[in-house]
Trainee: 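I'd like to ask you about the structure that follows.
So you know, we letter chains A, B, ... as the sequences are listed, proteins then strands, and number each from 1. Side-chain atoms are counted along with the backbone in the values below, which use heavy atoms only and exclude waters and symmetry mates.
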Amino acid sequence: MDIQLFNGLHDRLEIFKPIQPGKVTMYVCGPTVYDFVHIGNLRPLVVFDVLKKLFLALGYQVHHVSNYTDIDDRIIEKARKENVDEATIAKRYIQAYQQDVAKMNALLPDESPTVTEHLKAMITFIAKLIDEGFAYKTPSGDVFFRVNKIKQYGQLSHVDIHENKMGARVEVNPDKENPFDFALWKHTTQGITFEAPFGKGRPGWHTECVVMIKETFKQTLIDIHGGGFDLKFPHHENEMAQAQAAYQTPLANYWLHNGFINLNAEKMSKSTGNIFLAKDFLATYSGPLLRYLLLSTHYRMPVNISQLIIDNAQQELKKIQTGLAQLATFIQLNGGNISDQQAVPPLTFLAALADDINTSNALTILHQTFKETHALLRQTSPSIEVLLNRFFTIQAMLSILGLAIEFPILTADDRQLYADYVQAKSNQNFGRSDDIRKILHKRNILF
RNA sequence: GGUUCCUUAGCCAAGUGGUAAGGCAAUUGACUGCAACUCAAUCACCAUCGGUUCGAUUCCGAUAGGAACCUCCA
C-alpha cells in the first residue's frame, strides 16, 4: 500500500518513497525543556506516533528519533532564577514530559538525543561551516550562517532573502551580512557556556537537529522530518540550509508539519495566560480524550479546544469505550477467550491513514465497525467467532490510533454477579437486580 | 508590507467537477420491569459575488470574515 504524505518541501501530496526500501528514518523536533509542556506540544507527538504505528503496521522498520533541547536561553534564565544548574531544570522537565508521553500512549523514540550530548559534534560542525565560508564570526564573537551562500534558501518557507522585509518588526543585528543570517554560536558569559575554537559560548538552536540527525542516523539525508507549522521558518529552513552547506542534501526528503491547537479560538500563549498545560489536561481528563480530540481533525488543520468541544469529544469517546466493553463482556460471558491475538485492521482503515494520515476518516471506519458489531450483538445468537474477530480488528485499529481503551476482564466474581443479576431479573426481584446492576456498571460490565 | 492557510448542518468534521461521509446533540419509533446501552428513522440550498464548464461545494478571480508565520514558539 502506498503512503501519501503532504510534503512541505514541495507543498503537495507525494507518494512516500523511502531511501532504503522497507525502512523509514524519521526525526521529530522535540520540546525545549524549560517548563511543563502545554497540550499543543503534544500534537506532534500524537501525529507522528500514529504515522509511526502506521508504518509499523505496514511492515516498515522505523528508526524514530526525537530530541530534547536542553540548552536554551529560557532554560538558562530559569536556572538562574532558581539558582540551580541548567541540567537540573532540563532533567525535571524531561521527566515531566515523559510522564505525559506515557499517558498519551505514545511509543518512545528509538533515541532521544540532547544538545549537551552532542556539543562536540556541533562545534566540529560549526567549525567546518566557518572553514568552508558558509559561516562567519562577528566582532562580538557570534557565529552566523551566511544564507547568501545557499541558493535554495527559502525553498521550504517561501521567504525571499532579497526582499529584505525583515527588520520591519525587529531590529536587525548590524553585524549580520544579511538579515536572514542566523546564529550558529552565541558568544556569551552568562549561564552555561562551552569552549570552542571560535570562542566561548553556546550553540544556536538551529544547528542541533542537523547535527543530531547525522549523529543518530549516521546519514546526512533522512526520510521524514516533522514538527509544528511554526517550525517551518526559521527553524527548519535553517536546518535545511546548513545541510545544504555541509552535506549538499535537503536533510530530509519529506517535511511534515502539524497544525496548532488553539484554546477558545485563540493561540495558546504564556504571556496572555491562554494556556492549557498537558499535565493539567491529563489530570482533569485523560490521555485517550486528548488523543481522540486530536485524531478527529486532520493533522494539518488547526484544532480548537473549548469546554464545549471537550464535552462533545467525551461523549464520542464514551461510545467507543462502552462499545468495546460491551463486546468484550459479551464474548467472555459466552465462552470466548479474549487473549492477545494478532489482527489486521481493515484495509479501508489503513488506506485512510495512508492518505496523508487522514485520522478523521480512520475514525469513521472505527465507528462503522462498532455499528456493525452492535447490530451483530442484537442478534439472538451471534457467532462468538465472528465477534472475536471483530474484537481483535477493533483492537488493531485502536492500537494504531494509540487509543488505549480499557475493557473488563471478567473474574469469577464478576461472572457470579452477572449470573445473580440475570437470576434476580427473571425472579422479578428488581430491587436486587438494580443493586447488582450498579456494581456491574461500576466495573464497566453493564451500562 | 511579504508569505501561507481557513470558512461545510446546533457542535465536531471528511470529501468530491456530476447535485454532500461519519460522529455528538436533538426529535420520533423499537427494545427494556424501569432505565441505560443498542438499533431504526428524521435533520445541510457546502461564507458572498462573478468567471471557466454541459454541469462547481469542489477549479480561477474578487469580496467579507477568521487564523498563522515573517521574533522564542508544537
Trainee: When the P atoms of B:C34 and B:U16 are considered, how many whole Å apart are they?
Mentor: 47 Å
Trainee: Considering just the side-chain nitrogens and oxygens of A:H367, establish if one lies under 4.0 Å of OP1 or OP2 belonging to B:G23.
Mentor: no
Trainee: Report the base-pairing partner of B:C34 (Watson-Crick or G-U wobble, both distances below 3.5 angstrom), or none.
Mentor: none
Trainee: Name the closest nucleotide to the A:S360 side chain, picking from B:C69, B:A14, B:G22.
Mentor: B:A14
Trainee: Are A:F145 and A:Y136, when compared by the centres of their aromatic rings, separated by less than 6.0 Å?
Mentor: no
Trainee: Would you say A:N361 places a side-chain N or O within less than 4.0 Å of OP1 or OP2 belonging to B:A21?
Mentor: no
Trainee: Could you give the distance separating B:A56 and B:A64 at their P atoms, to the nearest angstrom?
Mentor: 25 Å
Trainee: Just checking A:G227: base, sugar-phosphate only, or nothing, at a heavy-atom cut-off of under 4.0 Å?
Mentor: sugar-phosphate
Trainee: Starting at atom CZ of A:R443, determine the distance to atom P of B:C37, rounded to an integer number of angstrom.
Mentor: 22 Å
Trainee: Indicate, with a heavy-atom threshold strictly under 4.0 Å, whether A:I261 touches base, sugar-phosphate, or nothing.
Mentor: base
Trainee: Is the aromatic ring of A:F260 within stacking range of B:A74, meaning centres under 5.5 angstrom and planes under 30 degrees?
Mentor: yes
Trainee: For the C1' atoms, the ones on B:C49 and on B:U7, what distance do you get once it is rounded to whole angstrom?
Mentor: 16 Å
Trainee: Select one nucleotide: of B:C11, B:G22, B:U3, the one nearest the side-chain heavy atoms of A:H158.
Mentor: B:U3
Trainee: Taking any heavy-atom pair under 4.0 Å as a contact, classify A:H38: base, sugar-phosphate, or nothing.
Mentor: base
Trainee: Taking a pair as Watson-Crick or G-U wobble with both distances under 3.5 Å, which nucleotide is matched to B:A64?
Mentor: B:U7
Trainee: Checking contacts here: which listed nucleotide (B:C6, B:U3, B:C12) is nearest the side-chain heavy atoms of A:M301?
Mentor: B:C6
Trainee: Any chance the side chains of A:Q155 and A:H10 put a donor and an acceptor closer than 3.5 Å?
Mentor: no
Trainee: Of all heavy-atom pairs between A:V65 and A:P113, which one has the smallest distance, and what is that distance?
Mentor: CG1-CD, 3.5 Å
Trainee: Closest approach to the side chain of A:T32, judged atom by atom: which nucleotide of B:G15, B:C37, B:A74 is it?
Mentor: B:A74
Trainee: Which of parallel (below 30°), tilted (30 to 60°) and perpendicular (above 60°) describes A:Y27 and A:H225?
Mentor: tilted
Trainee: With nearest nucleotides of RNA chain B determined for A:C29 and A:K425 from heavy-atom distances, which residue corresponds to the more 5′ nucleotide?
Mentor: A:K425
Trainee: Let's test this: given Watson-Crick or G-U wobble pairing with both distances under 3.5 Å, identify the partner of B:G1.
Mentor: B:C70
Trainee: Please report the shortest heavy-atom distance between A:R291 and A:L401, naming the atom on each side.
Mentor: NH1-O, 2.8 Å
Trainee: Could you let me know what B:G29 is paired to, Watson-Crick or G-U wobble, both distances under 3.5 Å, or none if it's on its own?
Mentor: B:C39
Trainee: Heavy atoms only, 4.0 Å cut-off, all strands: where does A:K319 land among base, sugar-phosphate and nothing?
Mentor: sugar-phosphate
Trainee: For A:E316 and B:C37, give me the distance from atom CD to atom C1', rounded to whole Å.
Mentor: 17 Å
Trainee: Is the gap between the ring centers of A:H206 and A:H236 under 6.0 Å?
Mentor: no
Trainee: Using the C1' atom in both, what is the distance from B:C39 to B:A44, to the nearest Å?
Mentor: 25 Å
Trainee: Provide, to the nearest angstrom, the distance between the CD atom belonging to A:Q321 and the P atom belonging to B:C24.
Mentor: 14 Å
Trainee: Parallel, tilted or perpendicular for A:F447 and A:H441, by the 30°/60° rule?
Mentor: perpendicular
Trainee: Between A:S296 and A:A375, just flag the one whose closest nucleotide in RNA chain B comes earlier from the 5' side.
Mentor: A:S296
Trainee: Could you tell me how far apart A:K371 (NZ) and B:A21 (P) are, to the nearest whole angstrom?
Mentor: 13 Å
Trainee: Nearest to the side chain of A:Q326, heavy atoms from C-beta on, is which of B:G15, B:C70, B:U38?
Mentor: B:U38
Trainee: Provide the distance between the two C1' atoms, one in B:G10 and one in B:C43, to the nearest whole Å.
Mentor: 11 Å
Trainee: Looking across every strand, which nucleic acid part, if any, lies under 4.0 Å from A:D73 by heavy atom: base, sugar-phosphate, or nothing?
Mentor: nothing
Trainee: Can you check the distance between B:C12 and B:G18, where both ends of the measurement are the P atom (answer in whole Å)?
Mentor: 27 Å
Trainee: Hey, does A:Q315 reach any base, or is it just sugar-phosphate, or nothing, if we go heavy atoms under 4.0 Å?
Mentor: sugar-phosphate
Trainee: May I ask you to say what A:G323 touches in the nucleic acid, namely base, sugar-phosphate or nothing, with a heavy-atom cut-off under 4.0 Å?
Mentor: nothing
Trainee: Mind checking the P distance from B:C24 to B:A62? Whole angstroms is fine.
Mentor: 41 Å
Trainee: Measuring from the side chain of A:H374 (C-beta onward, heavy atoms only), which nucleotide among B:U38, B:A74, B:G15 has the closest atom?
Mentor: B:U38
Trainee: For the residue pair A:Y421 and A:Y418, does the interplanar ring angle fall in the parallel (under 30°), tilted (30 to 60°) or perpendicular (over 60°) class?
Mentor: tilted
Trainee: Contact class for A:R437 (heavy atom, under 4.0 Å): base, sugar-phosphate, or nothing?
Mentor: base
Trainee: Kindly confirm whether the side-chain ring of A:F430 is stacked on the base of B:G33, judged by centres under 5.5 Å and planes under 30°.
Mentor: yes
Trainee: Separation of A:K176 atom NZ from B:C70 atom C1', in whole Å?
Mentor: 12 Å
Trainee: Take atom CG of A:L377 and atom P of B:A30, then tell me their distance rounded to the nearest Å.
Mentor: 22 Å
Trainee: Which heavy-atom pair separates A:H235 from A:C209 by the least distance, and what is that distance?
Mentor: NE2-SG, 3.5 Å
Trainee: Between atom CG in A:N262 and atom P in B:A13, what is the gap in whole Å?
Mentor: 11 Å
Trainee: Reckon A:S157 touches a base, only the sugar-phosphate, or nothing at all at heavy-atom distances under 4.0 Å?
Mentor: sugar-phosphate
Trainee: Between P on B:C24 and CG on A:L289, what's the gap in Å once rounded to a whole number?
Mentor: 15 Å
Trainee: Where the side chain of A:N312 is defined as all heavy atoms beyond and including C-beta, which of B:A14, B:C37, B:C24 is the nearest nucleotide?
Mentor: B:C24
Trainee: If you measure from the C1' atom in B:U63 to the same atom in B:A21, how many Å do you get, rounded?
Mentor: 31 Å
Trainee: Picking from B:G15, B:C69, B:A30, which would you name as closest to the side chain of A:D230?
Mentor: B:C69
